[in-house]
Novice: 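Below you'll find the structure I mean.
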2 protein chains.
Amino acid sequence: MTEVDRKRLCRRAAILKSLAHPSRLHIIELLETKPRCVGELTEAVGADITTVSKHLSVMKRVGLVRDEKHGTYSEYSLTCKCVTQLVDCIEESMAQTPYDVGCAVRQ
Amino acid sequence: MTEVDRKRLCRRAAILKSLAHPSRLHIIELLETKPRCVGELTEAVGADITTVSKHLSVMKRVGLVRDEKHGTYSEYSLTCKCVTQLVDCIEESMAQTPYDVGCAVRQ
DNA sequence: TATGTTGTTGGCAAAATGGCCAATAAACAG
DNA sequence: CTGTTTATTGGCCATTTTGCCAACAACATA
C-alpha cells in the first residue's frame, strides 16, 4: 500500500462520506433538476438553514457542488453530471442487494 | 417528500456510509480480485483483526459483501459486480473534480 | 481432552458528525 | 443610515463512529 494509494482511498472515502446522508442525497437530487439557492433547498429538506448551509459546504469542499453568488443569494449547482451517475450506481447496487435499513429521522 | 422517498434516501445513505472509509474501500478492492478470509484482509489493511471484522460486518449488513464459513475461516466476497462499478463511478467523479483531502491516518 | 487457530462480540475511550442557536457578514430596499 | 433578507460561521451538546483490548465461540489438531 503506497502513499499514493492511501491518498486515493482517503479521497474516495471523503467523497462518499460527503454523500452519505439522507439530506445531502436529497439536495443532490434537487440540484439535478436545476441550480437552487440555500433557502429553496432548506425548505425542501425541512431542516434548519444553518444545517443545510453546512451540508452544502461539506459537499462543496470535496468538489461535488459549486456555488455562485447573486446578490444575497447563493446559488448551488452540481459540478458535473458524474455525481448523478454515481448516485445512479448506488441505485443499481440497491436493486441487486435488497435489505432493510433501520432509518430513524433525526431533526 | 413521501415516506417511500425518505426510506430510499436513507438506504442509499447507509450504503454510502458503509463504503465511506479508506480501510473499507481497500477491502472492497481486495475482494474484487478474489474472495479473502479476515486474516488476509487484516494483514493487507494493517489494522487490528477485530477492527477489520467489524468493518466487514457493517458492509455485510448493507449487503455489499457476503461471508461463507470454511472451518474456522470466514471467506468474504463481494455480493455483486455492481459494487465495483459504484467505486469506479467515484473514480470518475474524482477525475473531474480535483481537490486535496486532509487525510490523517488513525490506527 | 488440551491446545492452537480464526473470528466475532462487548465494552470503553477518543474522535468525528449532526443539528440548533447566536452572532456575524453581505447585499438590498426604503 | 436603518432595517430586512439571505447565508455563513462559531459554539455547544448529543449522538455516532472508530479502534483497540478482553473475552468468548467454533473449529481443528495433537
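Convention: sequence-line order gives letters A, B, ...; per-chain numbering from 1.
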Novice: What integer distance in Å separates A:Lys60:NZ from D:dT8:C1'?
Specialist: 10 Å
Novice: How many Å lie between CE on B:Met59 and C1' on C:dT8, as a whole number?
Specialist: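 Taking atom C1' of C:dT8 as the reference, CE of B:Met59 is at 15 Å.
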Novice: Quick one: A:Arg36 CZ to D:dT6 C1', roughly how many Å, whole number?
Specialist: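 Going from CZ in A:Arg36 over to C1' in D:dT6 covers 18 Å.
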Novice: I need the CG-P distance between B:Leu41 and C:dG7, as an integer number of Å.
Specialist: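 From B:Leu41 CG to C:dG7 P: 9 Å.
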Novice: Please determine if a side-chain N or O atom of A:His70 lies less than 4.0 Å away from the OP1 or OP2 oxygen of D:dT6.
Specialist: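 A:His70 to D:dT6 OP1/OP2: no side-chain N or O under 4.0 Å.
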Novice: OP1, OP2 of C:dT8 versus side-chain N and O of B:Tyr76: anything below 4.0 Å?
Specialist: yes
Novice: Quick one: do B:Asp67 and B:Val38 satisfy side-chain contact (heavy atoms from CB on, under 4.5 Å)? Show the steps, please.
Specialist: CA-CA 10 Å; B:Asp67 68 330; B:Val38 185; over 6 Å; no
Novice: Taking the side chain from A:Thr79 and the backbone from A:Gly63, do they hold a donor-acceptor pair closer than 3.5 Å?
Specialist: yes
Novice: Given D:dG11, D:dT8, C:dT8, identify the nucleotide with an atom nearest to the side chain of B:Ile49.
Specialist: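 Side chain of B:Ile49 sits closest to C:dT8.
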Novice: What nucleotide among C:dT8, D:dG19, C:dG19 has an atom nearest to a side-chain atom of A:Thr51?
Specialist: C:dG19
Novice: Does OP1 or OP2 of D:dG19 have a side-chain N or O of B:His21 closer than 4.0 Å?
Specialist: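 B:His21 to D:dG19 OP1/OP2: side-chain N or O found under 4.0 Å.
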Novice: Looking only at the side chain of A:Thr50 (C-beta and beyond, no hydrogens), which of the listed nucleotides D:dA7, C:dA22, C:dG19 gets closest?
Specialist: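 Selected nucleotide: C:dA22.
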Novice: For A:Gly71 and A:Arg24, find the nucleotide of DNA chain C closest to each by heavy atoms; which residue's nucleotide sits nearer the 5' end?
Specialist: A:Arg24
Novice: Provide, to the nearest angstrom, the distance between the NE2 atom belonging to A:His26 and the P atom belonging to C:dG18.
Specialist: 17 Å
Novice: Send over the distance from A:His55 NE2 to D:dA7 P, rounded to a whole Å.
Specialist: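 After rounding, the reported distance stands at 16 Å.
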Novice: Check the phosphate of C:dC28 against A:Thr72, side-chain N and O only, distance under 4.0 Å to OP1 or OP2. Yes or no?
Specialist: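 Indeed not, no polar side-chain atom of A:Thr72 lies that close.
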Novice: Grab the CD1-P distance between A:Ile27 and C:dG18 for me, whole Å please.
Specialist: 12 Å
Novice: If you measure from CG on A:Leu19 to CG on B:Leu19, what distance do you get to the nearest 0.5 Å?
Specialist: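 Reported to 0.5 Å precision, the distance equals 11.0 Å.
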Novice: Might you point out which heavy atoms bring B:Ser74 and B:Lys69 nearest each other, and give the distance in Å?
Specialist: OG-CE, 3.0 Å
Novice: Look at the side chain of B:Ala47 and decide which nucleotide, out of C:dT8, C:dC20, D:dC20, has an atom nearest to it.
Specialist: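 The answer is D:dC20, which lies nearest to the side chain.
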Novice: For A:Lys54 and D:dT8, is the shortest distance between a side-chain N/O and OP1 or OP2 below 4.0 Å?
Specialist: no
Novice: Please report whether the SG atoms of A:Cys89 and B:Cys82 are separated by less than 2.5 angstrom.
Specialist: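 The answer is no, since A:Cys89 and B:Cys82 keep their SG atoms 2.5 Å or more apart.
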Novice: Which one, C:dG7, D:dC21, D:dA7, comes nearest to the side chain of B:Asp48?
Specialist: D:dC21
Novice: Within this structure, what is the CG-to-C1' distance between B:Leu16 and D:dT17, rounded to whole angstrom?
Specialist: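 For the pair B:Leu16 CG and D:dT17 C1', the rounded distance is 16 Å.
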